[in-house]
Amino acid sequence: MVIAPLSRKVLRDLWRLRAQVLAIALVLAAGVATAILGSGAQDSLTQTRDRYYAQNRFADVFADLTRAPLALLPEAEALDGVLSAEARIVKTARPELPGAAPATLMMVSLPGTGGLNLLHLRQGRLPDPQSDREVVLSEEFAAAHRLSPGAPLSLVMNGRRMEVTVTGTAISPEFIYALGPGEMMPDPARFGIAWMPRAPLAAAWDLDGAFSNLVLRLAPGASAERVIEALDPLLARYGGTGAIARRDQTSHAFLDAELTQLGAMARVLPPIFLAVAAMLVHITMSRLVALEREQIGLLKAIGYSRRAIAWHYLEFVLLIAVLGIALGFAAGAWLGAGMARLYAEFFSFPYLVFSRSPAIYGLAALVALAAATGGALQAALKVSALPPAVAMAPPAPPAYRRSLGALSDRLALPQSLRMVTRHLLHWPLRTAAAILGLAMAVAILVASLWTFGSLEQLIAVTFHLGERQDVRVAFAAAEPPAALQEIRRLPGVMAAEPWRSIAARLENGPHAKRVAVEGRPAGPQLSRVLSPDLEPMAMPERGLILSEALADALDLRRGDLVTVAFLEGRRNEATLPVSGISVGYVGLGASMELDALNRAAGDGDRISGAALLVDPAAMDEFLAAARAAPGTGTIAVKNLVLARFRATLAENITVMVSVYVGLAAIIAAGVVYNFARIALSEQGRELASLRVLGFTNAEVSAMLFAELGLVTLAAQPLGWLIGHGMAAAMAASFASDLYRVPFLVGRDVYATASLAVCAAAILSALAIAGRIRRLDIVGVLKTRE
Amino acid sequence: MGESGGSIIRTAGLGKTYRSGALEVQALRGVDFAAAPGEFVVILGPSGSGKSTFLNLLGGLDTASAGKAWFREQELTGLSERGLTLYRRNHVGFVFQFYNLVPSLTAVENVALVTEIARAPMRPDEALDLVGLSARRDHFPAQLSGGEQQRVAIARAIAKRPSLLFCDEPTGALDSATGVRVLEALTEVNRATGATTLVITHNAAIREIAGRTLRFADGQIVEETLNPRRKAPSEVSW
């Protein structure tokens, strides 16, 4: 095959400018990779989830109740829009395991044939339907406690100990995100699910011929809201606490939030990279064309067409784009697979539907090509428009202006600084593009680094200012206040504070939310509610304190009235004033004074549990005694919750931040390196002349670096501003009913982002230093540019 | 040959060999030369005869492969990169064929660029006055003619009051009339500052304004002529 001379020139040019070409290709690759990574992982996980849901018949509506006869089931099935229903027993039990850390098991009756929320068996077998001593455990809980099929397990169910055998491990679409009561992060060591045939569960909780939980599968297109409207009255007299749609189901909601965040990444990052790449292509091409002006004139003079020459330069850019796209494809596919696998593991999916949608790849490639050619277009058009005679003559020397006027004289600005400022101002678009490019690198860092401080604030507010107890004990069922005295007598307890929690539906006109209303003493000392300025709030005599998230969701302000429909006990309904608004980052919070809550609910003086201060030295003793106490439901130890919270965050955030830092470094290095190479190419002759005149290598380098430094410096405040905006948008997109993050960007975030970008800039500037040192000071005297 | 013997710059057996792969080119073969303070020397010779290499070695822009060179008592051939830079900075003025002005600085700023780093420079305006360009002080190179640019380059070269002024084809890119004006500036500067001036040229007519002429061929000085009656630049033309 004969390669046309112009094509050969393209290849040689690419090789000659390889470092710049690589820098541009990497930025393009980052754009392509993030597009594939984000939407690819989102796509894979969405498809995996959808298939998993469909195959395992994941329910659409979930309802908890106290006790309803099985005879109610046909009525539920007959509701309009309901395809099938399953009546289940769902209760919590306490496994007796070695080690002091308390654990909770959610006991769920096994789905029947054709039932809902089918298990996906991972190990062993399902329990024999006739056996009342066999369980299958959620896979991660079993793994955390090294419980293989055949292992014995001791369970305390409704206060009675029962010895069972583990027959296998399984996962379920219902518990993809298995969050224990009072937890913020899944902790497989302390919360798991145990599925068991219905009979032993019914016996333990006195539910023969009855059920405590109902799940529905709806006909396609049926409205969950309408079904719930019909279902709630049906279940009300059986202690129904209000059904929820799949949208509000914990596991599903968390998964959804994660997928939304992935999608946001796929939308925000790629355009930034592609824009920066287009800008790099543009400044590089403009310079290349300027350098090759005489060659272009020659080519035209000997008869090459305008189109052939324009195509020659486009070919150069297209090859860079192809390189970037190829690198982006490889990185995107590799990272995307890794990320999807990471998520698949985190969410324990049974399999991964790995989506390699050609559409995503095609789109990413197309946009990258468009960005590159868009950047080159102007330069290519300019080339082809030059008449050969004009092109062959050297370009007119750049006409500078005294841009700062007499100011530089008055300031007695050294000549070297005048050179620097005049260069920058002579190519305002290029300078602006470089500043914007670097600002984007700073912004990406600010937008990722702020989360550290934000989460520290979340932890400080939630765990240190708000929840000051060491242990939070929840009773299996509400108890009379005397139960607090029992708790106080447990070993190591230094202080105890009662709390009550009642499920309720809060309504304000068209807005409604199902929450747990918490009752606290008038002046709580341990489990406190904080005002927006982080001062502890006293519980009002009558009204409610709502968290900001809940108040926003219900469109309520202080002094408004809200309808509270209690979903437990007497199911009273009350209209209460909103007495205050509190901060709260996790879940939706509604608080009342304990007695006021009990009065409003109307089922007498009750407490649901206690917040405790426990002598650390007696903690093990306390936990053993608390577990043995008959009324104990769950025990949450704050330090364990916090440690798990930090560990999970550290894992997720470290991965995310390393990715972002890498991406920002690519942008910063790409921009600075290209900018420096072009500046050097333009001023190489000048700088070499200065070396001849007796300027030292350091003085000459300083001039070029001063230019880079000014650009880098100017990029910082702009980057902070853009980053602040991006962070604010992220905080807003993270906010859901499940959690919201405090939006604060500390000075350290700006400083770190700037330092990182400056470091990347300095490194790429150093890559140029060798070229400055090797400037040909003899050659420059004998040639015209 | 340690003592200076009244010369300001001196070489002994100065040689330069360029290697490019297996190819060796002897650009300069053992040149012995000395110039007295204030002398005006013209160097002639065809392309590739070694005259530019010779000037580059004297100017500290390149390092010799053989022989030695001295500036006053200092051996240039023993200086480091940094030492050579200081030598150029403090003692040498250069003028080039293509002026090599900084396009982003005005005429006076181009001169100030050098005076800012010199030990005892004249004022930039004084230097521009010397070459007759005071009126154009605030013009950028792009706004000046070739001859004017070259005169700015001369002003920039002499503003530091150098002991040596090296000019490589200073009129090479100029027409005769403009070239004469540049030569006038050079002789005036040579007279006024007493800088030893070495001028490389292709142009044999220029030798008549010099006190001494060297002819280079094949890397050696093949002819040396003294000119007892120097002409004024306005008397020559080409």
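To find a chain, count down the sequence lines: A is the first, B the second, and so on, and within it residues start at 1.
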Residue pair B:R82 / A:T696: nearest heavy atoms and the distance that separates them: NH1-CG2, 3.3 Å

Contact summary for B:P103 and A:E686, nearest pair of heavy atoms: CD-OE2, 3.3 Å

Min side-chain heavy-atom separation B:R89-A:E699 under 4.5 Å: yes

Neighbour count above 12 (heavy atom, 6.0 Å) for A:R430 CZ: yes

Minimum heavy-atom distance A:S689-B:N100, with the two atoms named: OG-ND2, 2.9 Å

Which atom of B:L105 lies closest to which atom of A:R422, heavy atoms considered: CA-NH1, 3.7 Å

B:K68 atom NZ, over 12 foreign heavy atoms within 6.0 Å: no

More than 12 heavy atoms of other groups within 6.0 Å of A:R12 CZ: no

Closest approach of A:Q415 to B:A112 (non-hydrogen atoms, all atoms of both residues): NE2-CB, 3.3 Å

Heavy-atom side-chain contact between A:N697 and B:T85 under 4.5 Å: no

4.5 Å side-chain heavy-atom contact, B:V102 and A:R418: no

Region of A:L687 that comes under 4.5 Å of a non-hydrogen atom in chain B: neither

Side chain to side chain contact (heavy atoms under 4.5 Å, CB included), paired with B:S104, selected from A:M419, A:H426, A:Q683: A:M419

CA sep, side-chain torsions, deciding dist, call: A:R773, B:E81, salt bridge (Lys or Arg N to Asp or Glu O under 4.0 Å): CA-CA 11 Å; A:R773 213 167 29 246; B:E81 161 75 32; over 6 Å; no

Chain A contact via B:L61 - side chain, backbone, both or neither, heavy atoms under 4.5 Å: both

